[in-house]
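Heads up, the thing below is written out as structure tokens.
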Amino acid sequence: MALTNTSIRYGGVTKFFHWLTALLILTLIALGLYASDLPHDTQAALTRKAWLFSLHKTLGVTVFFVALARIVWAFTQPKPGLLNAEHRLESWLAETVHWVLYGSLVIVPLAGWINHAAASGFAPIWWPLGQSLPFIPKNTTVEHAFGALHVISGKLLIGALILHIAGAVKHHVVDRDSTLRRMLPGEAVVGPLPAQQHSAAPVITATVVWVAAIAVGLGLGLGLGQQSDQPAPTETAALEDVASDWQVQDGTIALEVTQFGSVVAGSFADWTSAITFDDTVQSGKAGDVTTTVAIPSLSLGSVTDQAMGADFFNSEAFPTATFQADINATADGYIAAGSLTIKDQTMPVDLPFTLTLEGDTARMTGSTTLDRRNFGIGETVTDESTLAFSVTVNIDLTATRGQ
């Protein structure tokens with residue numbers, strides 16, 4: 001069997017690319033659909049789900065590079081003519097599906113790869129070249145946009161694949177020609193080809209289909225991203241205003257957790273702080289603070305839903321967390337020493353922080369490390385390589401003195 005194509009037959013290299021791609025695509029579709037429906041409420045379930053998604057992503061990157069190699073090879077080879085070229089409508093549909101499939105082999109894995117690069121954590125790609133892509137930021141809007149595009153383009157791929165298979169079966173069973181046989185190993189017997197109809201219509205049609213799919217995918221994703229950037233619904237996340245000597249103007253309460261060796265960063269969108277503070281105190285108690293955090297307002301990358309679950313924050317039963325502490329001035333700066341209540345667990349916590357004062361405006365930055373096990377978070381996940389015990393909390397806020 002020759003390795004290169006002729007005007008009537010496919011060569012060995014083209015056949016290899018065709019069947020390798022088919023095997024990878026069918027495996028990826030099955031993996032994606034199966035893994036998406038798996039639970040993640042226990043350590044074993046979470047590990048299995050992440051492993052399957054890592055396999056899905058790794059094979060997806062493989063498909064992307066195989067597709068590029070296949071496309072480059074295709075452009076160097078003559079394309080065997082259609083055996084039913086005299087049926088113009090059927091030929092147009094076959095060629096259109098062919099070009100849609102070529103687009104799918106690039107767009108579907110690339111959209112998934114960009115979604116992965118923009119998201120924080122969960123199910124790494126198994127390779128040593130890192131998890132990021134150039135020019136792709138860690139950004140929920142980008143994550144949602146390309147995640148939706150991956151889903152929409154994946155559905156288009158499945159539809160085109162079904163049409164492609166149906167066409168091959170029709171040729172083999174109904175028309176009884178060599179269309180399918182000439183893509184199988186060996187040399188298929190191919191009679192004289194009918195006159196070929198060369199037209200740009202299939203390429204134009206496929207391009208229109210892909211422009212529409214990309215617009216729908218990105219549009220839906222951007223809508224989801226904007227929704228995720230909004231505060232959580234008022235019935236679960238809104239907190240009452242608090243009286244405070246120092247009014248918080250802006251700030252961030254951020255988390256960093258490590259899952260499967262990757263850092264996942266997130267933050268709470270809704271929280272309040274009641275602060276008393278005397279900046280003239282040089283040593284000892286200088287004030288106090290009570291901070292209440294709306295747990296459902298947490299955005300934690302691709303694992304946000306998991307974090308809200310019963311085995312983690314259990315946000316339905318325990319929608320708020322509270323930190324109450326004395327603000328103590330020390331020789332090295334300040335420490336907020338008090339207690340943190342998450343779920344039904346209260347533990348002592350010290351938060352060292354630096355303070356910059358400019359008139360009636362104060363900016364504080366602080367960081368502390370918590371052990372999630374102390375608060376009953378992820379109790380079933382006992383393997384630290386799956387989910388690290390330590391959680392870093394970073395706080396940055398600006399407040400002004402009340403008049």
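Side chains are part of it too, since the values below use all heavy atoms of this structure and drop only hydrogens, waters and symmetry mates.
With respect to the salt-bridge test (charged N to carboxylate O, under 4.0 angstrom), the residues E379 and K343 do not qualify.
One side chain, T14 or W73, offers a donor N or O that lies under 3.5 Å from an acceptor on the other. Side-chain N/O atoms of T330 and D332 include no donor and acceptor closer than 3.5 Å. Under 3.5 Å, the side chains of T341 and T322 contain no donor-acceptor pair of N or O atoms.
Note on residues 351-389: pairs passing ring-ring contact (aromatic ring centres under 6.0 Å, His included), not counting sequence neighbours, are Y334-F353. Annotation: salt bridge (charged side-chain N to carboxylate O under 4.0 Å, His left out) contacts involving residues 192-215, sequence neighbours excluded, are absent. Among residue pairs with one or both ends in residues 306-325, none qualify as ring-ring contact (aromatic ring centres under 6.0 Å, His included); sequence neighbours excluded. Applying the ring-ring contact (aromatic ring centres under 6.0 Å, His included) rule to pairs touching residues 288-311 yields nothing, sequence neighbours excluded.
S153 pairs by the side-chain hydrogen bond (donor to acceptor under 3.5 Å, both in side chains) definition with nothing, not counting sequence neighbours. For N328, the side-chain hydrogen bond (donor to acceptor under 3.5 Å, both in side chains) test picks out no residue, with sequence neighbours left out. Partners of N394 by side-chain hydrogen bond (donor to acceptor under 3.5 Å, both in side chains), not counting sequence neighbours, listed by chain and number: S367. For T205, the side-chain hydrogen bond (donor to acceptor under 3.5 Å, both in side chains) test picks out W92, with sequence neighbours left out. The ring pair (Phe, Tyr, Trp, His ring centres under 6.0 Å) test applied to W19 returns no partner, not counting sequence neighbours.
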Atom pairs and distances, side-chain donor-acceptor, residues 21-37, under 3.5 Å, sequence neighbours left out:
| from | atom 1 | to | atom 2 | distance (Å) |
| --- | --- | --- | --- | --- |
| T21 | OG1 | F17 | O | 2.7 |
| T27 | OG1 | L23 | O | 2.7 |
| S36 | OG | G32 | O | 2.7 |

Considering only distance and modelled atom types, tabulate donor-acceptor pairs under 3.5 Å from the side chains of residues 249-263, sequence neighbours left out.
| from | atom 1 | to | atom 2 | distance (Å) |
| --- | --- | --- | --- | --- |
| Q249 | NE2 | Q247 | O | 3.2 |
| Q249 | NE2 | T400 | OG1 | 2.9 |
| Q259 | NE2 | Q306 | OE1 | 3.4 |

Listing, residues 208-217 side-chain donor-acceptor contacts under 3.5 Å, not counting sequence neighbours, or none:
| from | atom 1 | to | atom 2 | distance (Å) |
| --- | --- | --- | --- | --- |
| W210 | NE1 | V100 | O | 3.2 |

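Contact between T346 and S339 at its shortest, heavy atoms only, is CG2-CB, 3.8 Å. When all heavy atoms of L105 and R70 are compared, the closest pair comes out as CD1-NH1, 3.9 Å. Taking both residues in full, the closest heavy atoms of A123 and A50 are given as CB-O, 3.6 Å, listed atom of the first, atom of the second, then distance.
Atom CZ of R363 sits in a sparse spot, with 12 or fewer heavy atoms from other residues, nucleotides or ligands closer than 6.0 Å.
In this structure, S297 contributes its side chain and A269 its backbone to a donor-acceptor pair below 3.5 Å. Listed for the N139 side chain is a donor-acceptor partner under 3.5 Å among the backbone atoms of V142. Of the possible donor and acceptor atoms, none in the side chain of R88 sits under 3.5 Å from a partner among the backbone N and O of Q197.
One finds the OG1 atom of T398 at 9.5 Å from the CD atom of E358 (value rounded to the nearest 0.5 Å). Rounding to the nearest 0.5 Å gives a distance of 11.0 Å between CG of L180 and CG of L83.
Between Y102 and W99, the ring planes lie tilted relative to each other; the angle falls in the 30° to 60° range.
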